[in-house]
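Note sheet for the following structure.
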Amino acid sequence: MKSRLLILVFLFPLFNLSLSAQRSSENFFVIEHNPVVRFIHGETIEIRGALRGEVEWMRFYFRYEGISQFQVREMEKENGTFFFLFDTSILPGLQFEYYLSAKVKDKIINYPLDAPSNTVKVIGESREPLPEIPQEVPPEEEERRFRLPLSVNGSIQSRVVEKEEIEGKQKTNASGNLRVYHSYQQEGKISFDFDSNFNYTNIPQEGEKQFDLSNMVLSLSRDNHSFKVGDINISESEYTVSGLGRRGVEYTFNNQKAYIHIFDVSSQQPKGFKGF
């Protein structure tokens with residue numbers, strides 16, 4: 001009886017040590033980020049995050065009222081941290097939500113941890129009145145309305161004076177984004193949605209291209225059926241799959257009585273035009 005008691009006494013400390021080691025390894029990969037909660041419409045806000053280890057990439061996902069899919073932007077690396085300058089003038093309203101995602105050691109780490117089911121909500125204010133958006137548009141007028149299926153934004157910075165020239169360093173930094181999209185929806189027929197983002201920079205990081213594809217997705221839906229191909233986000237539950245962003249295909253059937261979800265995605269995260 002004494003020998004059994006001794007074994008139990010020694011086993012409990014070892015078990016506690018293994019649990020603490022496991023928890024510390026799980027908590028090691030956490031994105032350090034000070035969330036943005038307020039902004040002034042039209043100004044540029046800085047989104048910054050940091051993560052220990054060899055981070056392959058970090059991305060900024062955002063969406064605003066009126067769109068269901070998240071837009072994604074690559075964050076730039078600077079002194080061990082990642083940042084993205086977000087121009088809020090592209091927002092049609094005074095609120096948006098976002099989350100950060102990073103890849104390190106074949107793992108996808110999000111901030112918040114349960115994103116995209118949980119995101120950072122941001123409320124803004126405007127110093128000038130925003131243009132009014134009509135709530136209802138007659139179907140006939142909606143069909144006649146012409147929309148240019150692309151949008152362009154960019155920035156350029158140049159150093160006027162520099163005390164010491166650094167060989168090989170760009171004096172002028174330029175970057176831009178081109179979004180190409182098209183949407184067709186009519187009741188009783190197949191709905192078609194196409195959305196893509198292309199980015200350009202004259203100071204690409206090592207292994208990156210000057211002109212590349214940020215994201216692209218094609219969606220087809222009719223009645224209870226939905227099919228997507230491209231950069232898709234899989235969100236089932238916190239116990240199965242939650243916030244898996246990959247390139248692949250997805251099919252969903254949902255008639256409120258039966259639900260079927262089938263998807264096939266890449267095990268890795270292809271960049272640019274790979275996989276298309």
Side-chain angles (χ1 to χ4, degrees), residues 59-74 90-93 96-99 101 108 110 115-119 133-153 177-199 211-237 240-276:
R59 292 168 181 163
F60 169 65
Y61 289 81
F62 73 96
R63 68 180 177 185
Y64 45 84
E65 189 177 2
I67 64 171
S68 59
Q69 296 180 347
F70 284 92
Q71 302 295 309
V72 59
R73 300 290 186 270
E74 293 285 343
I90 67 172
L91 299 175
F96 71 95
E97 57 181 314
Y98 76 92
Y99 70 93
S101 183
I108 301 299
N110 292 331
S117 58
N118 184 27
T119 59
I133 302 176
Q135 298 296 323
E136 297 182 0
V137 179
E140 298 79 9
E141 184 179 345
E142 183 73 19
E143 291 181 0
R144 292 194 300 267
R145 179 179 296 180
F146 173 76
R147 296 182 179 87
L148 190 65
L150 56 87
S151 60
V152 182
N153 61 70
N177 178 266
L178 170 65
R179 181 189 176 202
V180 181
Y181 56 92
H182 179 70
S183 179
Y184 172 82
Q185 296 182 355
Q186 190 171 356
E187 187 176 356
K189 296 185 178 181
I190 295 179
S191 299
F192 170 88
D193 286 281
F194 174 78
D195 199 351
S196 62
N197 280 284
F198 303 87
N199 61 77
F211 181 79
D212 212 347
L213 176 68
S214 296
N215 68 289
M216 181 182 294
V217 64
L218 170 66
S219 303
L220 298 173
S221 60
R222 181 175 181 177
D223 299 330
N224 305 318
H225 303 271
S226 176
F227 177 77
K228 292 182 181 180
V229 58
D231 293 303
I232 58 179
N233 288 310
I234 306 299
S235 297
E236 287 296 325
S237 71
T240 54
V241 179
S242 179
L244 176 65
R246 286 290 190 272
R247 191 159 289 175
V249 295
E250 175 188 20
Y251 167 75
T252 305
F253 172 81
N254 187 8
N255 65 353
Q256 306 303 320
K257 296 180 180 179
Y259 175 79
I260 299 175
H261 189 191
I262 303 173
F263 56 90
D264 182 21
V265 295
S266 172
S267 59
Q268 303 296 322
Q269 180 67 49
K271 292 184 177 180
F273 292 90
K274 294 180 181 179
F276 285 108

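None of the values given here were measured: they were computed from a predicted structure. Numbering starts at 1 and runs along the sequence shown.
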Sequence-distant partners of [X], salt bridge (charged side-chain N to carboxylate O under 4.0 Å, His left out), two or more places apart:
X      : answer
Arg59  : Glu74
Arg179 : Asp195
Asp193 : none

Run the side-chain contact (heavy atoms from CB on, under 4.5 Å) test against [X] and tell me which residues pass, sequence neighbours left out.
X      : value
Leu178 : Leu150, Val152, Val180, Phe198
Gln69  : Val217, Ser219, Lys228
Asn255 : Asn224, Phe253, Lys257, Ala258

Looking at residues at least two apart in the chain, or sitting in another chain, which of them share a side chain to side chain donor-acceptor pair (under 3.5 Å) with [X]?
X      : value
Thr119 : Glu97, Lys121
Glu250 : His261
His182 : none
Asn233 : none

Given side chains that start at C-beta, do those of [X] and [Y] come closer than 4.5 Å, heavy atoms only?
X      : Y      : value
Leu220 : Phe192 : yes
Pro116 : Tyr61  : no
Asn197 : Tyr181 : no
Thr252 : Tyr259 : yes

Exercise. With Phe62, which residues qualify under ring pair (Phe, Tyr, Trp, His ring centres under 6.0 Å), at least two apart?
Worked result: Phe60, Phe86
Exercise. What are the two closest non-hydrogen atoms of Asn110 and Ser101, and how far apart are they?
Worked result: OD1-OG, 2.9 Å
Seminar exercise, completed: Between Asn199 and Ser214 the two heavy atoms that sit nearest each other are ND2-OG, 2.6 Å
Problem set entry | Distance (rounded to the nearest 0.5 Å) between Asn254 CG and Asp223 CG | 12.5 Å
